[in-house]
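Below: the structure, in structure tokens.
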Amino acid sequence: MSDTADTEDNQDMLPSLVQQIVQRITAGEVPIKNIERELICPICKELFTHPLILPCQHSVCHKCVRELLLLNHEDSFDAGSECSLPGSPGPRSRVPSPSMERLDRLARSATLQRRSFGRRGSISSPGWRRGSVTPRVTTFPCPGCQHDVDLGERGMSMLFRNFTLESIVERYRQAARAAVAIMCNMCKPPQQEATKSCMDCKASYCNECFKFHHPWGTPKAQHEYVGPTMNFRPKVLMCPEHEMEKVNMYCEVCRRPVCHLCKLGGSHANHKVTSMSSAYKILKEKLSKSIHYLISKEDQVRTQISHLEVLINETEENGQVAECGAYEHFERLFQTLQERKSEMLNSIEQSRTRRLEQLRGQVEEYQGMLENSGLVGYAQEVLKETDQSCFVQTAKQLHTRIAKSTESLRTFHPAADPSFDEFVLETSREETMLKELCFGGVPEPPIIDLSRSHVYNEGLLCWQLAEDTLATDHQVLEYRRLGTEQDGDSRWRLTDRVYGPSTVVCDLEADSLYSFRVRSCRNSLYSPYSPEVTFHTPPAPAFGFLFNDNCGFSSERLALSRRRDSVESMAGMAFLLAAERVQTGSYMGLDYIIGDTGISQGRHYWAFRVEPHSYLVKVGVASDSKLLEWFHNPRDTSSPRYDHDSGHDSGSEDTCYDLSQPFTLLTVGMGKMFLPKASISAGSDHGDHSNRVLPMPQRIGVCLDYDAGRVYFYDADTMRCLYERQVDCSGTMYPAFGLMGSGKVHLEEFITEKRLSYM
């Protein structure tokens, strides 16, 4: 039986395990709420409606994907998507979700990009609709794993509908509304209850209507019918890229069904594929084993659930205890402050009363100095006394009092100070102490993320905080150069405060080993240091370039990313037509691509990644004259007398490998790196040919010393030199890459970011 026939049989039925689950659901053995969370769209938080499978294998409603992609309703739906899903419902209101904020940022960046391109002229790219000034977003974050999903030019039309999930959701709906019958679509009012649903007509019928619309002896009598349902899935799954072709293979690289045209000359031409029946059996067996394992561990799961429930109770109780303790501590603080407040207010009140009494007494005293009042008036009456004895008796004391008043008048001084400066509080220190009260204890140390940290002549260091940690105020990164103890320069250097999860360290010395560590600060309390990590800087400054899409670039066989920082080899229709003209033997050509910037002096270093599934990739350097020769006079690379690695065409590499040639290319492929014969490799036995085949490094580095005429190849993660040789640098040298069969190369971010910032 063919793969297509197997596909048809497999698509008409659910796996037996899924059928058992659905039967248990229908019978009421499995409550809906038990697995309802698996049938909920992560964006709209409702049961899936026409779910689509994203490249990361997560499912999202068709409407939700459309809402994530669109900047406005007018530019809402490309034609390919409508054709692929004719029955898809119309637009609906946007449902907010955490991923929407990230989408808005993507949309704003796309708008800025459109404005920037608009100033330079018209441009055509996968993310833009021809003849339109409105950008069309083709990249959005998956709401399940937050990985960016790029749909390319075809947009939503490249996505498969998840018919299996759709069927389970429909059975859920039926189980939820078991009391609500599905009515016949053909009956005139009053409608009868449906007894059958035709999968070809996509309608439900009662017995009479079904017989009337499917008479015996007609093609309609051969239609497939099932029990009443609202879910009409196609009988055969069609390829979204080739709409008239059935899928009959499974791409193991992209993890999706494909048709034979996808394998022959499409985007999956260089990918490993298997028959649909084989993939069906393997995946079904894996799923069954996984489910069987989980079911066998049911006791363990229940034990862990019980343990988690105990932890939940303990968390609630401990949280309440902590809350009560915090309330008591703050109440004591409030009480102490209230007592101090009352004491101070009483002191201020007493001082104010005393000062007012003194000042008012002084006022009365001075009022007595006025004519006809007080002391002066009394003295005027004494002067009227005519009896000398009586006058002298009274005047002596009165004169003393008037003399004192006269003296006080000449030396006026208030009886009390009206200012209350001694009661002004200086509480800045206390306020600082209160603000620095630490309620979360010492913060957890961050962990430096090695997968996202890279060090060249500048270092990008990224770290992660513990998931359950409280927010920190800032981080401090420290680094030092190792191996300089004899110079007395092994001290730790501190960066400025970092208010994010990454920072860039500048002015690192070439070909040196550096150690890095980071710690967090919260409320003036520092966490312990993170574990130290070491990075080896390259032997030369990073050389920035992008792939050149003009010089020798073959758009028929090479796919270049929009940023020009990655390239992929694809066997297109032109390759098949060329092979069809060959009657005997085999002609295999390398497709070259070079950097857009040349080197004419100094030492330079660059790094890149080669995908592990790549079949054959040549990496290295070549002069401008040699590149012109390759581009205008392509060679038969299947010839045994032609090897780019040797730098000659003599076929005898052992005798001529020392000759300086204007290029050097290493062969990488199938997860291996192949060193040329008699290679000069650090620590290798030149007579042992097994040392020529090395595991392919995750990142490969190339260093060109133009002045010395020498090129070096490194494992960019450990900076271990794998191979070096002389090269003729008489002309301008370019980073060169050659691809054959399936292959993909990514330039490192540090190599491309400086160039991209000026684009």
Electrostatic pair Asp591-Arg557, nearest N-O below 4.0 angstrom | yes
Which residues satisfy the side chain to side chain donor-acceptor pair (under 3.5 Å) test with Glu568, sequence neighbours excluded?
-> none
For Leu546 and Arg564, which heavy atoms make the closest approach, and how far apart are they?
-> CB-O, 3.6 Å
Please name all residues satisfying salt bridge (Lys or Arg N to Asp or Glu O under 4.0 Å) with Asp449, sequence neighbours left out, ordered by chain then number.
-> Arg452
Sequence-distant partners of His329, side chain to side chain donor-acceptor pair (under 3.5 Å), two or more places apart | Arg332
Check ring-ring contact (aromatic ring centres under 6.0 Å, His included) between Phe547 and all other residues, then give those that pass, not counting sequence neighbours.
-> Phe737
Taking side chain to side chain contact (heavy atoms under 4.5 Å, CB included) as the test, write out the residues that go with His58, two or more places apart.
-> Cys56, Cys142, Cys145
Considering residues at least two apart in sequence or located in another chain, which fulfil the side chain to side chain donor-acceptor pair (under 3.5 Å) criterion with Asp705?
-> Arg603
Does Arg493 pair with Glu478 as a salt bridge, N-O distance under 4.0 Å?
-> no
Given side chains that start at C-beta, do those of Pro539 and Met719 come closer than 4.5 Å, heavy atoms only?
-> yes
So, for Ile599 and His604, which heavy atoms are closest and what is the spacing to 0.1 Å?
-> CG2-CD2, 3.3 Å
Below 3.5 Å, can you tabulate the donor-acceptor pairs from side chains in residues 693-703 to any protein atom, sequence neighbours excluded?
| residue | atom | partner | partner atom | Å |
| --- | --- | --- | --- | --- |
| Arg699 | NE | Asp717 | OD1 | 2.8 |
| Arg699 | NH1 | Tyr456 | OH | 3.2 |
| Arg699 | NH1 | Glu748 | OE1 | 3.1 |
| Arg699 | NH2 | Ala716 | O | 3.1 |
| Arg699 | NH2 | Asp717 | OD1 | 3.1 |

Does a donor on one side chain sit under 3.5 Å from an acceptor on the other, for Ser566 and Ser561?
-> yes
Tightest non-hydrogen contact, residues Val621 and Met733, listed as CG2-CE, 4.1 Å
Between Thr495 (side chain) and Leu477 (backbone), is there a donor-acceptor pair under 3.5 Å?
-> yes
Rounded to the nearest 0.5 Å, what separation is found between the CZ atom of Arg519 and the OH atom of Tyr526?
-> 6.0 Å
Check: Phe713 main-chain N/O paired with Glu724 side-chain donor or acceptor under 3.5 Å | no
Going from CG on Leu460 to OG on Ser502, what distance comes out if it is rounded to the nearest 0.5 angstrom?
-> 6.0 Å
Please answer whether the main-chain N or O of Cys729 pairs with a side-chain N or O of Tyr706 as donor and acceptor at a distance below 3.5 Å.
-> yes
Non-hydrogen atoms of Leu558 and Ser569 that approach each other most closely | CD2-CA, 3.9 Å
Here the gap from Thr732 atom OG1 to Gln601 atom CD, rounded to the nearest 0.5 Å, amounts to 10.5 Å
Within the side chain of Glu316, is there an N or O that forms a donor-acceptor pair under 3.5 Å with the backbone of Leu311?
-> no
Rounded distance [0.5 Å steps], OH in Tyr712 versus CZ in Arg725 | 13.0 Å
Taken to the nearest 0.5 Å, the spacing of Ser512 OG from His536 NE2 works out to 7.0 Å
Of all residues at least two apart in sequence or in a different chain, which pass the side chain to side chain donor-acceptor pair (under 3.5 Å) check with Ser530?
-> none
Does CG belonging to Asp707 count more than 12 external heavy atoms closer than 6.0 Å?
-> yes
Exam field: side chain Arg692 to backbone Phe674, donor-acceptor pair closer than 3.5 Å = no
Describe, in one word, how the ring planes of Phe516 and Phe535 are oriented to each other, choosing from parallel (under 30°), tilted (30 to 60°) and perpendicular (over 60°).
-> perpendicular
Are the side chain of Thr537 and the backbone N or O of Glu509 linked by a donor-acceptor pair below 3.5 Å?
-> yes
Salt bridge (Lys or Arg N to Asp or Glu O under 4.0 Å) with Asp624: which residues, sequence neighbours excluded?
-> none
Partners meeting side chain to side chain contact (heavy atoms under 4.5 Å, CB included) with Ile53 (sequence neighbours left out) | Gln57, Ser59, Asn162
Is any side-chain heavy atom of Val711 less than 4.5 Å from a side-chain heavy atom of Thr664?
-> yes
Non-neighbouring partners of Thr534 that pass side chain to side chain contact (heavy atoms under 4.5 Å, CB included), sequence neighbours left out | Leu482, Leu513, Ser515
For the pair Ser614 (side chain) and Glu611 (backbone), establish whether a donor and an acceptor sit closer than 3.5 Å, ignoring hydrogens and angles.
-> yes
Nearest heavy-atom contact between Ser453 and Cys462 is OG-N, 2.9 Å
Cys551 and Tyr734, any side-chain heavy atoms less than 4.5 Å apart | no
With side chains defined as the heavy atoms from C-beta onward, is the minimum distance between Val518 and Leu461 less than 4.5 Å?
-> no
Please name all residues satisfying side chain to side chain contact (heavy atoms under 4.5 Å, CB included) with Tyr499, sequence neighbours left out, ordered by chain then number.
-> His474, Arg497
Pairwise distance CZ(Arg710) to CG(Leu704) - rounded to 0.5 angstrom = 12.0 Å
